[in-house]
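For reference, the structure discussed in these notes is given below.
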Amino acid sequence: MSERTSRRTGGSPPTVVVDDLRVTFEVQVGRHGGDGRRRRGTTRQRVEALKGISAVVHRGEAVGIVGRNGSGKSTFLRAIAGLSPVSGGAVWASATPTLLGVNAALLPNLSGERNIELGCLAIGMTPKEIRERKDEIAEFSGIGDAIYRPMRTYSAGMGSRLKFAIATAKVPEVLLIDEALNTGDAEFRERSQERIRQLQAEAGTVFLVSHTLAAVEDTCTRTMWIHDGELRLDGPTEEVLGAYKDYNAGWRHFRAGTRREAPRLPGPVVGLDRSFSAVVERS
Ligand SMILES: Nc1ncnc2c1ncn2[C@@H]1O[C@H](COP(=O)(O)OP(=O)(O)OP(=O)(O)O)[C@@H](O)[C@H]1O
């Protein structure tokens with residue numbers, strides 16, 4: 001039996017509405033016979049990365065996206081940013097979403113300093129704004145004198161810090177962050193989380209994909225759990241992470257033989273009702 005419940009998040013206006021979003025990739029794969037050996041030629045395979053996700057996100061919400069590897073989290077963010085081919089459904093956004101790390105078109109042969117100028121132009125800052133804010137952005141990145149070196153000489157963490165500093169220099173209405181917080185060190189993670197809270201307070205909407213549940217816990221008011229391309233749970237972070245951790249622990253016990261039944265997934269969240277609230281179907 002299933003129970004349908006509506007979840008209403010009234011108050012501030014919606015900034016992102018995702019309605020039955022579907023993304024399917026077509027990939028060429030080598031042929032294999034029944035014996036597992038390779039055959040000549042290739043065949044097409046369909047990967048249903050998102051199988052109909054619906055959600056309404058409001059101004060001032062910071063939304064964590066969790067789920068195991070390959071569940072569709074990055075595809076979801078890329079589809080919201082308009083960077084993934086969509087095979088069904090629709091995404092509406094009140095402003096162009098900024099995907100951290102991709103929209104900042106940085107050039108490896110230029111110095112960090114020059115890249116701040118370029119990146120800030122790319123996110124719509126005026127030359128005057130850039131002149132006024134450049135030092136503060138460099139300071140926030142915390143990479144010291146390396147700011148004068150070509151970006152190709154940066155470590156992955158240093159590059160991420162600079163990209164984060166640039167992408168958050170201007171408060172975007174919708175900011176999408178994919179794992180960026182995992183690359184910096186503990187001190188930078190803390191500062192980035194603080195910056196996200198600040199953006200959220202300044203009326204932005206933030207989506208954060210992360211396997212670091214503590215980062216989601218500390219930063220996000222709401223969390224969406226995606227599993228195998230489906231939205232399984234969407235609600236207050238504490239509630240969703242609690243269920244997600246229980247599910248993962250359930251599998252660990254099941255595999256270790258200390259639990260007899262495999263854990264059951266919650267949800268799925270299956271659509272939008274006419275007043276734009278998510279409709280949750282529990283089984
Ligand atoms: N360009 C692509 N072509 C084909 N398949 C793709 C492509 N991008 C993603 N996929 C597939 O879509 C599914 C979802 O991938 P996605 O990267 O969104 O997962 P994820 O939840 O972000 O994973 P992770 O936690 O490992 O980063 C996976 O099966 C992946 O192999």
Side-chain angles (χ1 to χ4, degrees), residues 16 18-32 41-55 57 62-91 93 97-103 156-157 159-160 163-164 167 174-184 189 192 196 205-220 222-235 237 240-241 243-252 263 265-269:
V16 178
V18 180
D19 185 10
D20 199 27
L21 181 64
R22 291 162 194 275
V23 173
T24 302
F25 294 106
E26 296 252 345
V27 279
Q28 298 269 11
V29 290
R31 281 183 202 278
H32 287 265
T42 57
T43 177
R44 279 185 170 277
Q45 209 176 64
R46 284 161 62 86
V47 180
E48 283 186 82
L50 297 181
K51 300 173 181 166
I53 292 199
S54 298
V57 178
V63 184
I65 317 278
V66 298
R68 65 181 186 187
N69 289 130
S71 54
K73 303 179 297 295
S74 298
T75 305
F76 183 54
L77 281 203
R78 292 179 61 81
I80 293 175
L83 297 168
S84 235
V86 165
S87 48
V91 177
T98 303
L99 179 60
L100 191 64
V102 175
N103 287 16
S160 300
K163 283 180 192 166
F164 185 88
V174 181
L175 176 64
L176 313 170
I177 304 173
D178 195 349
E179 294 289 358
L181 300 189
N182 296 354
T183 42
R189 263 204 305 276
S192 327
I196 291 173
T205 300
V206 180
F207 287 83
L208 171 67
V209 164
S210 186
H211 288 286
T212 312
L213 300 188
V216 174
E217 222 152 35
D218 289 348
T219 323
C220 303
R222 169 179 172 185
T223 294
M224 297 167 76
W225 170 6
I226 298 180
H227 183 94
D228 204 9
E230 292 179 319
L231 182 56
R232 284 292 170 167
L233 211 53
D234 176 5
T237 292
V240 175
L241 287 189
Y244 181 61
K245 286 177 192 168
D246 286 350
Y247 178 79
N248 290 331
W251 270 108
R252 275 197 301 277
L265 284 163
V269 179

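Note that the coordinates shown come from a computational prediction; the quantities given were computed from them, not determined experimentally. Atoms within a ligand are numbered from 1 in the order they appear, just like the ligands themselves.
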### Task
Please step through side chain to side chain contact (heavy atoms under 4.5 Å, CB included) for the pair Asp228 and Lys51, ending with a clear verdict.
CA-CA 8 Å; Asp228 204 9; Lys51 300 173 181 166; 3.5 Å; yes
### Query
Can you name the nearest heavy-atom pair linking Leu21 to Ala79, along with the distance?
CD2-CB, 3.8 Å
### Query
Which is it for Phe76 and Ser84 under the side chain to side chain contact (heavy atoms under 4.5 Å, CB included) test, yes or no, and what are the steps along the way?
CA-CA 8 Å; Phe76 183 54; Ser84 235; over 6 Å; no
### Task
Please check if a non-hydrogen protein atom sits closer than 4.0 Å to atom 23 (O) of ligand 1.
yes
### Task
Specify side chain, backbone, both or neither for Arg68, according to which of its non-hydrogen atoms lie closer than 4.0 Å to ligand 1.
backbone
#### Entry: Val27 N/O to ligand 1 N/O under 3.5 Å
no
### Query
Tell me: protein heavy atom nearest atom 28 (C) of ligand 1, and distance?
Gly70 O, 3.7 Å
### Message
Run Val18 and Ser54 through side chain to side chain contact (heavy atoms under 4.5 Å, CB included) and show every step you take.
### Response
CA-CA 5 Å; Val18 180; Ser54 298; 5.8 Å; no
### Task
Tell me which protein heavy atom sits closest to atom 6 (C) of ligand 1, plus the residue, atom name and distance to 0.1 Å.
Phe25 CD1, 3.3 Å
### Which segment of Thr75 sits under 4.0 Å of ligand 1 when only heavy atoms are counted
both
### Message
Is there a side chain to side chain contact (heavy atoms under 4.5 Å, CB included) between Arg68 and Asn248? Walk through the geometry before answering.
### Response
CA-CA 9 Å; Arg68 65 181 186 187; Asn248 290 331; 5.9 Å; no
### Summary
In Trp225, Tyr244, Tyr247, the residue satisfying side chain to side chain contact (heavy atoms under 4.5 Å, CB included) with Leu233 is Trp225
### Query
Nearest protein heavy-atom contact for atom 26 (O) of ligand 1: which residue, which atom, what distance?
Asn69 ND2, 2.8 Å
### Message
With nothing but distance in play, are any N or O atoms of Gly72 less than 3.5 Å from an N or O of ligand 1?
### Response
yes
### Query
Between Thr223 and Ile65, is there a donor-acceptor pair closer than 3.5 Å when you use the side chain of the first and the backbone of the second?
no
### Message
Please check: side-chain N/O of Thr24 versus main-chain N/O of Ser87, any donor-acceptor pairing under 3.5 Å?
### Response
no
### Query
What protein heavy atom is closest to atom 17 (O) of ligand 1, reported as residue, atom name and distance in Å?
Ser74 CB, 3.8 Å
### Task
Return the residue, atom name and 0.1 Å-rounded distance of the protein heavy atom closest to atom 11 (C) of ligand 1.
Val47 CG1, 3.8 Å
### Message
Within the protein, is there a heavy atom lying under 4.0 Å from atom 30 (C) of ligand 1?
### Response
no
### Query
Who's closest to atom 21 (O) of ligand 1 heavy-atom-wise, of Glu26, Arg46, Lys73?
Lys73
### Query
Between Leu241 and Val66, what is the shortest heavy-atom contact and its length?
CD2-CG1, 4.0 Å
### Charged N-O contact under 4.0 Å between Asp178 and Lys73
no
### Query
Within less than 4.0 angstrom of ligand 1, does Arg78 place any heavy atom?
no
### Message
Under a 4.0 angstrom heavy-atom cut-off, which atoms of ligand 1 come close to Ser71?
### Response
19 (O), 20 (P), 21 (O)
### Task
Among all protein heavy atoms, pick out the one at the shortest distance from atom 12 (O) of ligand 1; state its residue, atom name and that distance to 0.1 Å.
Ala49 CB, 3.4 Å
